[in-house]
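Each ligand, and each atom within it, is numbered from 1 in the order the structure gives. No experiment lies behind these values; they were computed from the predicted model shown.
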Amino acid sequence: MIFEILTLFPGMFVSPLKESILGKAQERGLIHVRVHNIRDYATDKHQITDDRPFGGGEGMVMKPEPIVSLLDALRTEEPQPWIVLLSPQGRSFQQECAWRWSALPRLALICGRYEGVDERVAEFFSDEQVSLGDYVLTGGELAAMVVVDAVTRLLPGVLGNASSAEVESFAEPVLEFPQYTRPREFRGHPVPEMLLSGDHEAIRRWRRGQALLRTKLRRPDLFARLELTPPDLKLLHQAEEACARGPCSETLGGSRDC
Ligand code: SAM
């Protein structure tokens, strides 16, 4: 998969893209991340990429011409890129979106700066606008890195364990169960006994109950979307009862939810 990043700050991408899974995915040719400096497409002698807002007001707005010239250059190559503008005003970026984009051959991500990008880029030259959340970043670069990361780990061959992406939070609208590793007891806090039982089916049921309970307590919005089967309802009920009986750390991985 090819990612095309349109930014005024290409240097921001150097280190994050070299590390860990993203670095390895590039080395293995599973992704290509091409970072383009929008300034290179400004045609005036000072290579200006922003200007004052029409109608007055604070700050500067990114001009449409350099961004659209860069998009035109990208469009001369096949396959055509799906063009996304990172914006706090876009639709919320969710795991479903990461899955959908992971099936694309080429994704272009436009990173805004300052007061944002001239609205005509959003309206006439982008396929989609996405927001990372209800907060304002200084620029779209960190948001673009999040998108590249979330999409890349879904591509075949990227994660060591192919099933990891499928069992974790949001694969369905359920948060992942609590995870523990050695030591068995840490500063007086033991791991839940069930996980040491060696009974894989019982562990699977316990984890499912914990995942459902977590989702209900922490993310009622996701929980409301779930269609619980009778076995799920039973496991949830058991997890709730266990939570009511003992300290939460035994059932919710140290969470203070209940
Ligand atoms: N004035 C704009 C507004 O109120 O909507 C905010 C502009 S913000 C300072 C500059 C750029 O950062 C945006 O154009 C966008 O590319 C990026 N950005 C900021 N917050 C973001 C978010 N929550 N999700 C995605 N991109 C964001």
Side-chain angles (χ1 to χ4, degrees), residues 1-17 22 31 33-42 44 46-75 81-104 106-154 169-170 173 218-219 221-222:
M1 175 167 183
I2 302 169
F3 294 95
E4 311 279 7
I5 312 281
L6 292 78
T7 174
L8 286 173
F9 297 95
M12 284 182 71
F13 290 85
V14 177
S15 180
L17 294 179
L22 291 185
I31 58 166
V33 188
R34 308 199 311 189
V35 183
H36 308 273
N37 193 337
I38 295 169
R39 198 170 300 285
D40 293 342
Y41 291 80
D44 66 293
H46 299 294
Q47 291 194 293
I48 288 174
T49 57
D50 58 326
D51 209 335
R52 289 191 301 276
F54 276 126
E58 294 298 312
M60 302 295 269
V61 175
M62 283 176 73
K63 292 163 66 61
E65 307 96 307
I67 295 174
V68 174
S69 298
L70 173 46
L71 289 174
D72 288 344
L74 296 179
R75 281 205 205 88
W82 184 253
I83 297 168
V84 173
L85 174 66
L86 281 324
S87 163
Q89 301 177 24
R91 278 199 325 188
S92 170
F93 179 64
Q94 306 280 347
Q95 190 70 4
E96 289 101 304
C97 194
W99 277 113
R100 180 161 52 88
W101 290 351
S102 71
L104 297 171
R106 199 166 169 224
L107 181 65
L109 299 169
I110 306 172
C111 307
R113 278 270 153 184
Y114 318 123
E115 288 306 315
V117 176
D118 185 291
E119 188 63 23
R120 289 164 291 189
V121 173
E123 207 173 332
F124 303 111
F125 300 95
S126 307
D127 295 310
E128 210 169 337
Q129 296 179 62
V130 292
S131 165
L132 241 58
D134 291 342
Y135 42 80
V136 180
L137 301 165
T138 52
E141 286 76 10
L142 292 173
M145 286 179 217
V146 169
V147 168
V148 171
D149 189 291
V151 171
T152 298
R153 63 198 303 289
L154 300 179
S169 303
F170 310 116
R218 298 182 183 184
R219 292 292 304 272
D221 56 321
L222 294 181

For residues 81-91, which side-chain donor-acceptor pairs fall under 3.5 Å, sequence neighbours excluded?
| unit_1 | atom_1 | unit_2 | atom_2 | d |
| --- | --- | --- | --- | --- |
| Trp82 | NE1 | Glu128 | OE1 | 2.7 |
| Ser87 | OG | Gln89 | N | 2.9 |
| Arg91 | NH2 | Glu128 | OE2 | 3.4 |

Could you list the donor-acceptor pairs under 3.5 angstrom formed by side chains in residues 1-9, with sequence neighbours left out?
| unit_1 | atom_1 | unit_2 | atom_2 | d |
| --- | --- | --- | --- | --- |
| Glu4 | OE1 | Arg34 | NE | 3.0 |
| Glu4 | OE1 | His36 | NE2 | 2.7 |
| Glu4 | OE2 | Arg34 | NE | 3.3 |
| Glu4 | OE2 | Arg34 | NH2 | 2.7 |
| Glu4 | OE2 | Arg106 | NE | 2.9 |
| Glu4 | OE2 | Arg106 | NH2 | 2.9 |
| Thr7 | OG1 | Phe9 | N | 2.7 |
| Thr7 | OG1 | Glu141 | OE2 | 2.6 |

Side-chain donor-acceptor contacts of residues 47-63 below 3.5 Å, not counting sequence neighbours, with atom names and distances?
| unit_1 | atom_1 | unit_2 | atom_2 | d |
| --- | --- | --- | --- | --- |
| Gln47 | NE2 | Arg39 | O | 3.1 |
| Lys63 | NZ | Glu65 | OE2 | 3.4 |

Sort out the contact shell of ligand 1: every protein residue with a heavy-atom distance below 4.0 Å, listed by chain and number.
Leu86, Ser87, Pro88, Gln89, Gly112, Arg113, Tyr114, Glu115, Gly116, Val130, Ser131, Leu132, Gly133, Tyr135, Val136, Leu137, Thr138, Gly139, Gly140, Ala143
Side chain to side chain, Phe125 and Ile67, heavy atoms closer than 4.5 Å:
no
Residue pair Val35 / Leu17, side-chain heavy-atom distance below 4.5 Å:
yes
Report, as yes or no, whether the 6.0 Å neighbourhood of atom CZ on Arg120 holds more than 12 heavy atoms from other residues, nucleotides or ligands.
no
